[in-house]
Each structure stands twice: as C-alpha cells, then as structure tokens.
Asker: 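Shown below is the structure under consideration.
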Amino acid sequence: MIIRISDTMFKFGIALSALSLALLPVALSAKDVQPVKVEKPESFKGVSQVVIGQFTVAFFTKKVDYDGGGFMAASAQGKAIGHLSGLTPADFQATTDAIYADFTKQLAARGISIVDPAGLTGGKYYAKVKPEAQGESVDVILKKQDHADAVAYWPTALGRTDNALLQMRMMDFNMSNTYTAQYDYAKTAKVPVLNVVYFVDFAKPATSSGGGLFQSIKVSAGLAVSPFGTQMALMDTNGKMAKISLAVPIEEGGDFANITDTTSGVTKTVRVASVIGGAFGAFGGGGGLGGLMGGKKNTMSERFDYAVTNPAAYSEKAVSASTKATDLFLRQLEALR
C-alpha cells in the first residue's frame with residue numbers, strides 16, 4: 001500500500017476550518033519564523049489526560065531534491081536522488097521505541113496521564129479498523145517537485161498498528177473508520193485522543209551550481225525532524241480535531257553516513273553528449289564556448305548513496321531531534337492549557 005502524504009491538506013470528506021496561528025513562547029531565529037503552527041487552540045484547554053490513538057515515526061529512505069534552472073538561469077536544473085542504506089527494520093523499530101519512551105516521559109512530567117486504550121480499541125467502530133504492517137511505505141510530498149519515500153513504524157509498547165490517521169489518503173476507508181472510532185470514543189468517554197507523527201530526514205537540501213560540463217550538485221548528510229508532516233493532533237471531547245504542527249526543521253549536527261555518487265556511467269555519458277550537442281548546435285547562433293558552459297538546459301540528474309556507518313549514532317541523533325520536537329509540542333500545549 002502506498003500512503004500519500006500532504007502537510008497542507010487534511011480531508012475525509014469533512015470540511016475543516018482555517019488554521020489559527022499561535023505563537024510558541026520560546027526564543028526565535030533572526031528571521032522570526034515561528035517553530036510551530038496551531039489549529040483550534042481552544043481544544044487543548046484543560047487537557048490533563050489522553051488516550052494515545054496514534055504514534056508513528058516515518059523515516060525517509062529516499063529523497064529527491066531539485067535545485068537551479070528556471071527562467072533566465074545560467075545552468076540547467078539539478079536533480080539529486082539520495083538513498084539511505086545501512087539500516088535494518090530492527091534499527092528503525094528500536095529508534096521508534098526510544099522516541100516513544102521519551103515522549104511518554106515528557107508527557108508525564110507535564111502532568112498529563114495516559115488512559116488505558118481498551119475503551120477506544122474495544123469500541124464498535126474500532127472493530128472495523130484493520131491493522132497495518134510495520135514498515136509501511138509512505139510517499140511524502142515536500143515542496144515543488146521535491147518528494148521523499150519513507151517507512152512508517154509504531155512503538156512496540158502500543159501493540160497495534162492503526163493507519164496514519166493524520167495524513168490524506170484518497171478513498172481510504174480504513175482511515176475513515178479510525179477517525180470515526182476516535183470521534184465516537186472522545187465524545188462518549190470524554191477523554192481526548194492524541195495522535196503523533198514524526199518524519200525523520202537524512203539529507204540537507206541539495207544545491208546545484210555552474211553550467212554545462214561545469215555544472216555540479218552538492219549534497220550532504222543532515223539528520224533532522226522534518227516539518228513536512230510532523231505534527232501532534234488531538235481529537236477533543238467535542239469531536240473536533242486540533243493540531244500543533246512543526247513549521248521548521250529540527251536539525252542534528254555531525255556526520256553519520258558516507259556519501260557515494262552512484263550515478264551510472266550511461267547517465268553521465270548521455271549528459272556530456274547532450275551538453276556538447278547543445279554547444280555545437282549553438283555555434284550558428286553565437287553559442288560556441290558559451291554552449292559548453294551553458295549547454296542544453298536539460299535537467300542534470302545524479303544519484304547518491306548515504307551509507308549509515310554507525311546505526312547507533314543515527315538512532316541517537318533521531319531520538320535527540322525528536323526529543324526537541326516533543327518539547328516544542330508539549331510546551332505549546334502547556335501554554336494553551
């Protein structure tokens with residue numbers, strides 16, 4: 001199953017109201033970018049207990065970045081395709097478990113108790129929800145043409161794998177059934193349902209420079225909790241879905257992977273031929289050397305492998321970044337309570 005992700009839309013055939021923006025009481029960058037955004041802040045008022053409806057950590061395993069090109073650009077558009085390697089399902093599961101353990105610890109430290117989920121999972125509507133496999137494929141829409149593939153994991157402690165409630169999946173009845181089950185439980189039991197999703201990125205945005213035969217793409221490893229889809233949502237006791245979503249990446253410094261250019265020789269040969277062909281074709285119009293420098297402005301595509309050399313270090317960075325994201329979310333929740 002492929003899960004389509006969008007951080008800008010949330011629809012089940014139910015119209016949701018426009019987003020309200022709440023400011024988090026923390027120091028901000030010089031650009032004054034708010035680290036989180038809030039929808040329906042009134043729903044978080046007075047929250048002292050929750051049922052965990054969903055807790056998902058989705059790890060990027062492939063990332064496609066575009067840079068450069070465009071109108072009047074000197075160089076072609078650059079496309080970097082990055083693949084993460086060196087990690088096993090057990091590594092992802094252990095990292096997810098550690099992130100969840102930290103989340104529940106921070107939740108308890110703020111005086112919010114976790115209610116036994118038996119009332120939710122034993123409900124008549126929940127009986128229609130089908131469990132989903134660990135490591136489910138996720139297609140993440142980033143910006144413009146950029147996108148990523150990810151694998152989604154639930155913490156072992158929850159003992160169940162409900163679907164990704166907070167994301168948009170067209171014509172997904174399982175998702176709708178989960179929503180209905182949470183809606184019914186929250187209204188009847190008068191206990192809000194908390195849903196959390198973290199997306200873990202492995203690469204910084206690629207950059208393209210130069211033109212023609214001199215064009216190059218620069219990539220670098222960069223573990224971060226991504227703002228694309230990372231959020232904490234609450235089904236309140238009135239059946240309304242409120243949300244605190246991450247607006248900026250939370251980055252962790254330091255290398256954790258060896259990067260290798262895995263672009264095929266055929267791809268490189270075709271690119272050189274394309275640039276030279278564009279240069280010779282430009283001679284009649286005064287191209288010459290400029291053609292070799294600018295060349296035919298087709299997209300330059302290169303592939304890179306990000307081989308994790310130390311899975312423990314990768315996990316440590318993922319947990320650290322998620323801990324900071326949890327702190328942001330829960331401090332905002334405290335301010336709204």
Side-chain angles (χ1 to χ4, degrees), residues 2-7 56-70 75-89 91-92 95-96 135-153 197-210 215-230 246 248-271 298-322 325:
I2 298 297
I3 305 174
R4 294 293 301 174
I5 301 296
S6 172
D7 66 309
T56 305
V57 182
F59 302 89
F60 288 10
T61 56
K62 175 184 176 182
K63 189 175 180 183
V64 180
D65 281 327
Y66 287 84
D67 185 61
S75 63
Q77 185 180 48
K79 176 184 178 182
I81 305 172
H83 294 267
L84 184 70
S85 65
L87 296 171
T88 67
D91 293 325
F92 290 129
T95 303
T96 299
E136 191 72 74
S137 297
V138 181
D139 182 16
V140 188
I141 299 172
L142 301 176
K143 57 182 181 179
K144 296 181 180 178
Q145 299 169 282
D146 297 357
H147 65 274
D149 294 346
V151 288
Y153 283 81
V197 183
Y198 289 121
F199 285 86
V200 180
D201 197 352
F202 65 86
K204 295 181 180 180
T207 57
S208 175
S209 62
Q215 185 173 1
S216 64
I217 296 177
K218 181 180 180 181
V219 299
S220 57
L223 194 142
V225 172
S226 173
F228 295 100
T230 295
L246 190 66
V248 296
I250 298 180
E251 301 177 353
E252 287 293 315
D255 292 333
F256 60 88
N258 288 333
I259 303 175
T260 304
D261 187 337
T262 58
T263 310
S264 71
V266 172
T267 298
K268 292 181 178 180
T269 299
V270 169
R271 175 176 168 256
N298 295 326
T299 297
M300 174 189 179
S301 179
E302 292 192 1
R303 291 181 176 272
F304 301 90
D305 177 62
Y306 293 72
V308 176
T309 55
N310 187 340
Y314 170 90
S315 179
E316 181 180 354
K317 291 178 183 297
V319 173
S320 176
S322 299

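Position 1 is the first residue of the sequence; numbering continues from there. All values below come from the heavy atoms of this structure, side chains included, with hydrogens, waters and symmetry mates left out.
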Asker: Enter the distance from Phe59:CZ to Tyr153:OH here, rounded to the nearest 0.5 Å.
Answerer: 8.0 Å
Asker: Dump the intermediate steps for side-chain hydrogen bond (donor to acceptor under 3.5 Å, both in side chains) on Thr309 and Asn258, then the final yes or no.
Answerer: CA-CA 7 Å; Thr309 55; Asn258 288 333; 5.2 Å; no
Asker: I'd like to know if the side chain of Asp65 reaches the main chain of Ala206, judged simply by a donor and an acceptor atom lying under 3.5 Å from each other, with no hydrogens or angles considered.
Answerer: yes
Asker: Would the distance check show the side chain of Thr96 and the main-chain N or O of Phe92 forming a donor-acceptor pair, the cut-off being under 3.5 Å?
Answerer: yes
Asker: Rounded to the nearest 0.5 Å, what's the gap from CD on Glu251 to NZ on Lys204? Could you check?
Answerer: 6.0 Å
Asker: Kindly compute the distance separating CD1 (Ile81) from CZ (Arg303), expressed to the nearest 0.5 Å.
Answerer: 4.0 Å
Asker: Could you state the interatomic distance from OG (Ser216) to CE (Met300), rounded to the nearest 0.5 Å?
Answerer: 6.5 Å
Asker: Is the backbone N or O of Glu316 less than 3.5 Å from a side-chain atom of Ser320, with the two atoms forming a donor-acceptor pair by type?
Answerer: no
Asker: Have a look at Phe199 and tell me which of Val57, Val138, Val225 forms a side-chain contact (heavy atoms from CB on, under 4.5 Å) with it.
Answerer: Val138
Asker: Please check this pair: side chain of Asp146 against backbone of Tyr66, looking for a donor-acceptor N/O pair closer than 3.5 Å.
Answerer: yes
Asker: Apply the side-chain contact (heavy atoms from CB on, under 4.5 Å) test between Tyr198 and each candidate in Thr56, Ile250, Thr230; give the one that qualifies.
Answerer: Thr230
Asker: Check whether any side-chain N or O of Lys317 sits under 3.5 Å from a backbone N or O of Phe256 as a donor-acceptor pair, and report yes or no.
Answerer: no
Asker: Measuring only between side-chain heavy atoms, which start at C-beta, is Tyr306 closer than 4.5 Å to Ile259?
Answerer: yes
Asker: State the OH-OG1 distance between Tyr314 and Thr95, to the nearest 0.5 angstrom.
Answerer: 6.5 Å
Asker: State the CD-CD distance between Gln145 and Gln77, to the nearest 0.5 angstrom.
Answerer: 4.5 Å
Asker: Could you tell me whether a side-chain N or O of Thr260 sits under 3.5 Å from a main-chain N or O of Thr262, the two making a donor and an acceptor?
Answerer: no
